[in-house]
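When a residue number appears, it is its place in the shown sequence, counting from 1.
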Amino acid sequence: MASTTISSCAYQAVQGAHRLKICQFSHGIVGMDVNADGFIRSSTFRVGGFDWAILYYPEGYGDDSEGFISVFVEFMSKYGKAPAVVDIRLIDQVTGKPKSLLSSVFFEEDEEPFRFKSDSFAEATWGKERCIRREALEDSVYVRDDCLVIECVITVLGQLRVSETKPLCEIDVPPPNALQHFRKMLEDTSAADVTFDVQQETFAAHRAVLAARSPVFRKQFSEPMKEKMSRITINSVEPAVFKALLHFIYTDSLPVMDDFTRAESNAVFQHLLAAADQYGLERLKLMCAGTLVMNLNVENVASALWLADKYNCQKLKEACVNFMAPSNRVDAVVASQGYQLLKRGSPSPLADVWEKRSRARQSFL
């Protein structure tokens, strides 16, 4: 059998990303601080030793772009040339995940990457005039609270390098499946050695798995109490929340909640964050906080802030404070039921909100 060798070539690359948040998206060009050419330029950011900016045209660029937004990347450095690959994305404000809107990897037919130069607008910018229709965005997951977030990922390409030749030896290895086995283990109760009574529901589990994942369970199942722990009553957690807690312990992931409304799933994640804190599951706690941040609104932000303060979630607290800070949003938050709970149970974060609002008003004046 003939032997096969392999070598590879790749650019030395430096990658960076920048996000531009467009507030008052529905206003279009009206009321926005656009220049005479009808675009908004982001703050300058640096990738691969070069300066860049995002150009956003709320009413499109050119005569044929009516009804569209236009987005370009601009090379801001005065000197040098930068071969680069650009990926312009929109941020899904429900999941937080980006979706590629325009990529030079697929846009350019040439094999060579686009080479940015400062000589002219055409050589210093890359993008598309008819990027996406405004009406396609208005009721989409990409616009929330009248804000659109555009992300630009730039990969600056350096010298092309070819590796040394080496023999090709490939062995097909199946993907990791340990978590699938643990999920089946949770579903199959035949080998379970502990049962939890949570209100009117029961859950079977395995003490070794629980002890390995949670320091609280590890202490609970330690000697000399171990043999007495075959059945445990849980009064502090709802069944749906405890089920989600076990799902994370066995699969290291959040459960899918397709059967829940958005408000119901948000409530489950709030209680799940509290349970994660109770059982010392820091990763689960942060995952719940991240989900809550992506679903903040005027009705739940106060209760989320109360939760963040009670369970010491600094990032969630900062997100809530930033959400509540604008003067046109504070009044709606104050009128919500969640605010009344926050006011009675956790007054300290309120000071952060009012202080930030006061600073914003003073800077405006």
Side-chain angles (χ1 to χ4, degrees), residues 19 21 23 91-98 141-149 236-245 247-248 253-360:
R19 290 186 178 183
K21 185 175 183 179
C23 299
I91 302 299
D92 184 325
Q93 298 193 58
V94 176
T95 65
K97 296 180 180 180
V141 295
Y142 304 108
V143 175
R144 182 164 186 170
D145 296 325
D146 207 20
C147 292
L148 173 71
V149 180
S236 59
V237 180
E238 294 287 329
V241 176
F242 193 76
K243 183 178 180 180
L245 182 79
H247 179 91
F248 171 81
S253 64
L254 293 176
V256 177
M257 298 188 182
D258 292 338
D259 296 333
F260 291 80
T261 65
R262 185 172 178 177
E264 288 171 343
S265 64
N266 197 70
V268 170
F269 282 120
Q270 288 194 6
H271 291 295
L272 187 57
L273 187 149
D277 182 83
Q278 178 181 343
Y279 288 98
L281 300 170
E282 190 63 25
R283 172 174 159 79
L284 175 60
K285 184 176 172 182
L286 292 173
M287 291 171 71
C288 291
T291 301
L292 293 174
V293 167
M294 295 306 304
N295 290 280
L296 288 177
N297 58 45
V298 294
E299 294 297 329
N300 63 35
V301 65
S303 58
L305 180 55
W306 177 86
L307 195 74
D309 191 60
K310 182 176 181 179
Y311 295 107
N312 194 30
C313 293
Q314 188 60 33
K315 292 295 184 181
L316 177 58
K317 179 180 175 181
E318 291 174 2
C320 291
V321 170
N322 290 334
F323 182 91
M324 295 172 66
S327 58
N328 63 339
R329 190 177 286 159
V330 169
D331 293 339
V333 172
V334 170
S336 69
Q337 293 181 351
Y339 177 85
Q340 300 304 321
L341 173 64
L342 171 66
K343 186 177 180 180
R344 291 194 303 269
S346 182
S348 60
L350 285 175
D352 296 338
V353 176
W354 294 115
E355 287 175 7
K356 188 155 189 174
R357 182 183 180 188
S358 176
R359 289 196 297 270

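- At a threshold of 4.5 Å between non-hydrogen side-chain atoms, the residues Leu284 and Leu254 count as touching.
- To the nearest 0.5 Å, atoms CG (Leu245) and OH (Tyr279) are separated by 7.0 Å.
- Nearest heavy atoms, Asn312 versus Lys285: O-NZ, 4.3 Å.
- Summarising the geometry of Cys147 relative to Gln93, their closest heavy-atom pair is O-NE2, 2.7 Å, with the distance given to 0.1 Å.
- Rounding to the nearest 0.5 Å gives a distance of 13.0 Å between NE2 of His271 and CD of Gln278.
- Contact between Val268 and Val241 at its shortest, heavy atoms only, is O-CG2, 4.2 Å.
- Formation of a donor-acceptor pair under 3.5 Å by the Lys243 side chain with backbone atoms of Pro255 is not found in this model.
- Atom OH of residue Tyr142 and atom CG of residue Asp92 lie 5.5 Å apart, to the nearest 0.5 angstrom.
- For the atom pair Lys21 NZ and Ile91 CD1, the distance stands at 12.0 Å (nearest 0.5 Å).
- Looking only at side-chain heavy atoms (C-beta outward), Asp309 and Lys317 come within less than 4.5 Å of each other.
- Note: Met257 CE to Thr291 OG1 = 8.5 Å, rounded to the nearest 0.5 Å.
- The two residues Met294 and Arg262 come nearest to each other via the heavy atoms O-NH2, 4.5 Å.
- The minimum heavy-atom distance between Phe260 and Ser265, with the atom names listed, is CB-N, 3.9 Å.
- Checked by atom type and distance alone, the side chain of Asn322 pairs as donor or acceptor with a backbone atom of Glu318 at under 3.5 Å.
- Leu296 CG to Asn266 CG: the interatomic distance, rounded to the nearest 0.5 Å, is 8.0 Å.
- In plain terms, the two heavy atoms of Glu264 and Asp259 that are nearest each other are OE1-O, 4.4 Å.
- A donor-acceptor pair under 3.5 Å links the side-chain atoms of Asn300 to the main chain of Asn297, judged by distance alone.
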